[in-house]
Trainee: 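Here you go, one structure.
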Amino acid sequence: MNSLLIDLIVCGLAYVITVYFIATMTKNSLNKGKGGDEGDGGIEKITPPKIDLPPGVIWPSEAPKKSNRPEPMEV
């Protein structure tokens with residue numbers, strides 16, 4: 001066999017073994033995090049922080065609403 005082919009096989013085998021071990025370690029740590037009574041109970045209320053904007057700058061959601069009626073034409 002060509003040495004390049006042997007190197008590719010060995011590297012592929014090492015890759016598969018590494019991925020297997022990482023997957024099993026990650027799976028165990030994810031299962032430990034579930035089912036915890038560590039919280040203070042109740043419903044979590046997650047609200048984004050209120051960001052202080054400079055004067056004259058407003059959020060798009062707080063912009064004044066425009067009327068859908070067109071302005072009357074003067075003839």
Side-chain angles (χ1 to χ4, degrees):
M1 288 175 103
N2 192 359
S3 64
L4 178 63
L5 184 61
I6 294 172
D7 287 343
L8 289 174
I9 291 171
V10 170
C11 287
L13 186 62
Y15 177 77
V16 169
I17 291 170
T18 304
V19 169
Y20 172 76
F21 281 122
I22 290 174
T24 55
M25 286 187 282
T26 304
K27 181 179 168 187
N28 290 338
S29 67
L30 290 176
N31 289 340
K32 289 180 185 176
K34 291 182 181 177
D37 272 343
E38 299 169 5
D40 57 352
I43 299 173
E44 288 186 36
K45 184 177 179 184
I46 300 173
T47 57
K50 184 71 175 170
I51 299 175
D52 189 25
L53 296 174
V57 178
I58 59 171
W59 291 104
S61 60
E62 297 173 359
K65 305 294 182 199
K66 295 181 180 177
S67 65
N68 291 339
R69 292 182 283 162
E71 295 182 16
M73 285 181 36
E74 295 182 17
V75 182

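Excluded from the calculations below are hydrogen atoms, water molecules and symmetry mates; all remaining heavy atoms, backbone and side chain alike, are included.
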Trainee: Give the cluster check for Val19 versus Ile22: same hydrophobic cluster or not, with ILVMFWY residues linked at side-chain heavy-atom distances below 4.5 Å.
Mentor: no
Trainee: Please answer: with hydrophobic residues joined when any side-chain heavy atoms are less than 4.5 Å apart, are Val57 and Ile51 in the same cluster?
Mentor: yes
Trainee: CG/Leu8 to CG/Leu13 distance, rounded to the nearest 0.5 angstrom?
Mentor: 12.5 Å
Trainee: Judged by atom type as modelled, is there a donor-acceptor pair below 3.5 Å linking the side chain of Thr26 to the main-chain atoms of Ala23?
Mentor: no
Trainee: Decide whether Phe21 and Tyr15 are clustered together by the hydrophobic rule: side chain heavy atoms of Ile, Leu, Val, Met, Phe, Trp, Tyr closer than 4.5 Å, transitively.
Mentor: no
